[in-house]
Amino acid sequence: MERVYNFAAGPSMLPLEVLEEAQRDLINYKGSGMSVMEMSHRSKQYQAIFDETEATLRRIMNISDDYAVMFLQGGASLQFSMVPMNLMPKGATANYCETGIFAKKSAAEAKKWGNVITITSGKENNYTNIPELTDDIVTDDASYVHITQNNTIFGTTYHKTPDIKKCPLVADMSSVILGEEFDVNKYGIIYAGAQKNMGPAGMTLVIAKKELLGKAPEDTPSMLNYSLMADNGSMYNTPPCWAIYMAGLVYKWVEKSGGVKALENRNKEKSALLYDAIDSSKLFTAPATENCRSYMNVTFTLPTDELTAEFLDFVKDRNMTNLKGHRAVGGMRASIYNAMPIEGVNELVKAIKEFEAEK
Ligand SMILES: *Cc1c(COP(=O)(O)O)cnc(C)c1O
């Protein structure tokens, strides 16, 4: 079977070049006589892969030495707990911005640890917009403010980093990391699961300002303690070796592709093609408010469930898959991360137009 245009939200498409390189080295990595999957994480050869992965990421995201980079496990969902456990004393307060389902989940975990004050909510508008976050609405007692930079399920995003001075800004960037350029210096913590825009599932990236580390209570489980993880170079125990290696290949691909800014421009172009097709249609609608529309996850709807089912069938015959919206919101969602070629987006635009013409 031919490779398909896979619009899945995650795990999602990887660059073909990356898959091919991994395939070439799968059984015998650069003459080592073994696969990366078989290597000791304490070996020189693996350490070199690890160091190069981190160095490449630091270059493409322009991460300074004031920040620690960690490659952990447990997914973005474990960060929902690790952030409060490491950044706020037990029972203290944190501010959360409720912009979607993952945002709510992150706040729910923080509530198990301390006080959560929801300072913005898009609930009234069914999460179709991103309420403005300014420093003056941050409470004085906040240990940090948490945002979901890109709301994977609703297709909304903060294109501009909120300017927060009162306390550190923490961002879940799972579905937008490397898809848009961010100034890391404006954040206290950035975290992201790898499986959307960085590689296969199994690795979670955490970029943490060093001055925030070392504040976890004594009884914090070792595996959940940022400073222990950072001090041990993410190798307190066996790291997700293969997923880190794959992310390293993706980082190099990003660099070769012109860097994050070049990819952001391509992503803008790709998403504009889709939003334009939807906005000029009388049948399809894009619910996300224009100024916060995601470049990564384009959500759109049809007037009835029947038409939605028909459209999803219609695209299947055209080498496109996983366009069904998240089970909680319905409709359609096209996740068009860095690895989705523009040809895939053009195919989808064509399908939208032809489907409408048939109606
Ligand atoms: C996918 C996603 C998550 C969940 O990630 P896991 O790695 O499955 O825990 C959390 N936040 C956002 C924004 C996501 O897109």
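Indexing begins at 1, ligand by ligand and atom by atom, following the structure's order.
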Quiz item: Which option, T152, N151, T99, owns the non-hydrogen atom nearest atom 15 (O) of ligand 1?
Solution: T152

Quiz item: Between T148 and ligand 1, does any nitrogen or oxygen pair lie at a separation below 3.5 Å?
Solution: no

Quiz item: When you measure from atom 5 (O) of ligand 1 to every protein heavy atom, which one gives the shortest distance, and what is it?
Solution: A76 CB, 3.5 Å

Quiz item: Does the T220 side chain pair with the main chain of A216, one donor and one acceptor, at a distance under 3.5 Å?
Solution: no

Quiz item: In terms of the angle between their ring planes, are F102 and F80 parallel, tilted or perpendicular, with boundaries placed at 30° and 60°?
Solution: tilted

Quiz item: What is the distance from atom CG of N6 to atom OH of Y337, rounded to the nearest 0.5 Å?
Solution: 10.5 Å

Practice problem: Considering heavy atoms of the protein only, find what lies nearest to atom 4 (C) of ligand 1 and give residue, atom and distance to 0.1 Å. | Solution: F102 CE2, 3.6 Å

Quiz item: Are more than 12 heavy atoms from other residues, nucleotides or ligands located less than 6.0 Å from atom NZ of K105?
Solution: no

Quiz item: So with a 6.0 Å cut-off around NZ of K261, is the heavy-atom count from everything else above 12?
Solution: yes

Quiz item: For ligand 1, which atoms, with element, lie under 4.0 Å from some heavy atom of Q195?
Solution: 5 (O), 6 (P), 7 (O), 8 (O)

Quiz item: Once the angle between the rings of F182 and Y187 is folded into 0 to 90°, is it parallel (under 30°), tilted (30 to 60°) or perpendicular (over 60°)?
Solution: perpendicular

Practice problem: Between S174 and ligand 1, find which residue part has any heavy-atom pair under 4.0 Å and reply side chain, backbone, both or neither. | Solution: side chain

Practice problem: For the residue pair D51 and Q47, confirm or rule out a side-chain donor-acceptor distance under 3.5 Å. | Solution: yes

Quiz item: Among protein heavy atoms, which lies nearest atom 2 (C) of ligand 1, and at what distance?
Solution: K196 NZ, 2.4 Å

Practice problem: Please report which non-hydrogen protein atom sits nearest to atom 9 (O) of ligand 1, along with the residue it belongs to and the distance in Å to one decimal place. | Solution: S77 OG, 2.6 Å

Quiz item: What atoms in ligand 1 come closer than 4.0 Å to a heavy atom of F80?
Solution: 10 (C)

Quiz item: What atoms of ligand 1 come closer than 4.0 angstrom to any heavy atom of G75?
Solution: 7 (O), 9 (O)

Quiz item: Judging by distance only, is a nitrogen or oxygen of G193 under 3.5 angstrom from one on ligand 1?
Solution: no

Quiz item: Do N150 and ligand 1 have an N or O pair less than 3.5 Å apart?
Solution: no

Self-check item: Side-chain ion pair, E310 and K359, N-O less than 4.0 Å
Solution: yes

Quiz item: Considering only heavy atoms of D172, which atoms of ligand 1 have at least one such atom less than 4.0 Å away?
Solution: 10 (C), 11 (N), 12 (C), 13 (C)

Quiz prompt | H41 ring center near F50 ring center (under 6.0 Å) | solution = no

